[in-house]
Amino acid sequence: MKQATRLVHAGRRPADHYGMVNTPVYHASTVLFDSLEAFDASNADPFSGVHYGRLGTPTQFAFESAVAELEGAHGAVSSCSGLAAIATALLAVVQAGDHVLVADNVYGPTRKLCDGLLARLGVETEYFDPLVTADELATHFRDNTRALFLEAPGSLTFEISDVPGLAAVAHERGATVIADNTWATPVYFDAFGHGIDLSVHAATKYIVGHSDAMLGVVNCRDAEHFRAVRQTSIALGYCAGPDDVYLGARGLRTLGQRLPVHEANGLALANWLAEQPAVTRVLHPARADHPQHHLWQRDFTGACGLFAIELVPGERHQLGALIDGLDYYGLGASWGGYESLALPVEPSGSRTVTRWQAEGPLLRIHAGLEDIADLIDDMAAGLARYTAA
Ligand SMILES: *Cc1c(COP(=O)(O)O)cnc(C)c1O
């Protein structure tokens, strides 16, 4: 089965639901059983079947099996947000006294989780330069290093680590490799083919794709990791909302058609921006001038619509003039919906072992599904306001 076909058919069982194309939204807490025997049989295996709303509904299982099949995982565990999925993955593998290696470019709340909750539970986090070589990374491993956490590309600064090289070192040392693959989605990066054990996605972004639900998922390479992640999720009491998990399953069906438009718009915008005098740098892995473009070419099969630009140095009010007058780019957190966004970001505050070097402000752009001519015209007027203000 080719990927486009899999996106359409994975995880759907219309015959189980009166022929409905999509698995319907099951709202549930109590699940009733016909007999004590059926109740006892159900409780004997908490990893399959429907027992209680929090432990999973047919809507949830339909989403999980679709995402797992798409990425080639043994199984998927969904969660109420991307951050909850990250927490579940980490807590599934660490215990008090462990050491984890985390790339310095990770999503800010991932870092807060490590420095706060994990530290309090006796797990030590050591950050490393995401551009280290495998040999350099090897020197950071200790006997108690339990996990390596990567995010490639980083969602603010877009560096790309040597994922398979670093993963191989972690596996030699017996550590689990966790990666936040939200940027690439399961469509543009083969996580398990590149050595990842737990592939985490903020499904809130492209999988849901319409900016209207919170959802996360951990795709697990093998049965052992799946069991640990499911058990952790159950212990934490995490469960995705029924409408949200439905929207994730529905969004998945068009992911393969939406992403190429985001990619084409993003790249066209990035290439145009690179020619503008108000722009000093474009951070887009699919452009030949990106410092790890070769790694993107080697490991990824596409780029989503998220990238960043560095502007010539300017004051906050100039940024305000640029952003406030935009017609088609919204100002707000998150990305991956059908609409374009432009967000000033400040990476230096969320790094400790590498320095973010930039003269001017960084603007993160999400290219939506609008017509590229409108996106360029709108941004051209914005850059003119920036320069004039
Ligand atoms: C948004 C995001 C998350 C967190 O997802 P939520 O659903 O907002 O909790 C994690 N990682 C990356 C890279 C993100 O962009």
Side-chain angles (χ1 to χ4, degrees), residues 60 63 67 76-91 102-118 130 149-161 163 178-189 191 196 198-219 233 236 238-241 243-249 251-252 255 259 262 266 283 285 300 303-308 330-337 339-347 350-351 362 364-368:
Q60 177 191 317
F63 171 70
V67 178
V77 177
S78 60
S79 215
C80 46
S81 70
L83 184 58
I86 290 166
T88 308
L90 278 164
L91 290 167
V102 176
D104 207 30
N105 63 341
V106 291
Y107 181 64
T110 302
R111 181 182 277 272
K112 288 204 183 89
L113 170 73
C114 292
D115 296 344
L117 183 68
L118 288 193
F149 192 107
L150 302 170
E151 184 178 318
S155 65
L156 296 186
T157 45
F158 301 93
E159 308 92 329
I160 300 186
S161 302
V163 176
I178 307 173
D180 181 336
N181 289 322
T182 303
W183 186 88
T185 83
V187 174
Y188 284 157
F189 180 67
I196 307 301
L198 298 176
S199 175
V200 184
H201 298 276
T204 305
K205 310 291 164 59
Y206 283 112
I207 292 177
V208 165
H210 294 70
S211 306
D212 53 3
M214 302 301 303
L215 189 64
V217 66
V218 185
N219 260 333
S233 175
L236 291 166
Y238 284 171
C239 58
D243 293 303
D244 291 351
V245 81
Y246 175 86
L247 290 170
L252 209 54
L255 182 63
L259 276 176
H262 288 290
L283 306 172
F300 294 77
C304 71
L306 193 77
F307 66 98
L331 173 64
S334 200
W335 44 279
E339 82 291 8
S340 291
L341 300 166
L343 182 74
V345 290
E346 187 31 84
S350 61
R351 316 189 139 222
L362 199 63
R364 190 178 73 177
I365 293 174
H366 178 247

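We count ligands from 1, going down the list as the structure has it; atoms in each ligand are counted the same way. Just the heavy atoms: all of them, side chains too, but no hydrogens, waters or symmetry mates, feed the values below. All figures in this text were calculated on a predicted structure; none of them were measured in a lab.
- Atom numbering of ligand 1 starts at 1 in the shown order; those under 4.0 Å from a heavy atom of Met214 are 6 (P), 7 (O), 8 (O).
- Side-chain atoms of Glu339 and Ser211 include a donor-acceptor pair closer than 3.5 Å.
- Among Asn181, Thr110, Asp180, the residue whose heavy atom sits closest to atom 11 (N) of ligand 1 is Asp180.
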Derivation and outcome, side-chain hydrogen bond (donor to acceptor under 3.5 Å, both in side chains), residues Asn181 and Ser199 = CA-CA 6 Å; Asn181 289 322; Ser199 175; 2.8 Å; yes
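- Side-chain rings of Phe189 and Phe300 approach one another, their centers coming within less than 6.0 Å.
- Annotation: side chain of Asn219 is in contact with side chain of Val67 (closest heavy-atom distance under 4.5 Å).
- Protein heavy atom in closest approach to atom 7 (O) of ligand 1: Thr204 OG1, 2.5 Å.
- Every atom of ligand 1 is numbered from 1 in the order shown, and the set under 4.0 Å from a heavy atom of Ala202 is 2 (C), 3 (C), 4 (C), 5 (O), 10 (C).
- Taking atom 6 (P) of ligand 1 as the reference point, the nearest protein heavy-atom neighbour is Gly82 N, 3.3 Å.
- Counting heavy atoms from C-beta on, the side chains of His366 and Ser340 never come closer than 4.5 Å.
- Ion pairing between a basic and an acidic side chain is recognised when a charged N comes within 4.0 Å of a carboxylate O; Arg351 and Glu159 show such pairing.
- Residues Pro344 and Leu362 fail the side-chain proximity criterion, which asks for heavy atoms closer than 4.5 Å.
- Summary of contacts: the protein heavy atom closest to atom 9 (O) of ligand 1 is Leu83 N, 2.8 Å.
- In summary, the atoms of ligand 1 found under 4.0 Å from a heavy atom of Ser155, numbered by their order in the structure, are 13 (C).
- Remark: ligand 1 atoms within the under-4.0 Å shell around heavy atoms of Glu151 are 13 (C).
- In summary, the atoms of ligand 1 found under 4.0 Å from a heavy atom of Ser81, numbered by their order in the structure, are 7 (O), 9 (O).
- Interface atoms of ligand 1 facing Ile86, defined by a heavy-atom separation under 4.0 Å, are 10 (C).
- In this comparison of Trp183, Trp335, Tyr107, the heavy atom closest to atom 3 (C) of ligand 1 sits on Tyr107.
- Between His262 and Tyr206, the distance from one ring center to the other falls under 6.0 angstrom.
- Scanning the protein for heavy atoms near atom 1 (C) of ligand 1, the closest one is Lys205 NZ, 1.5 Å.
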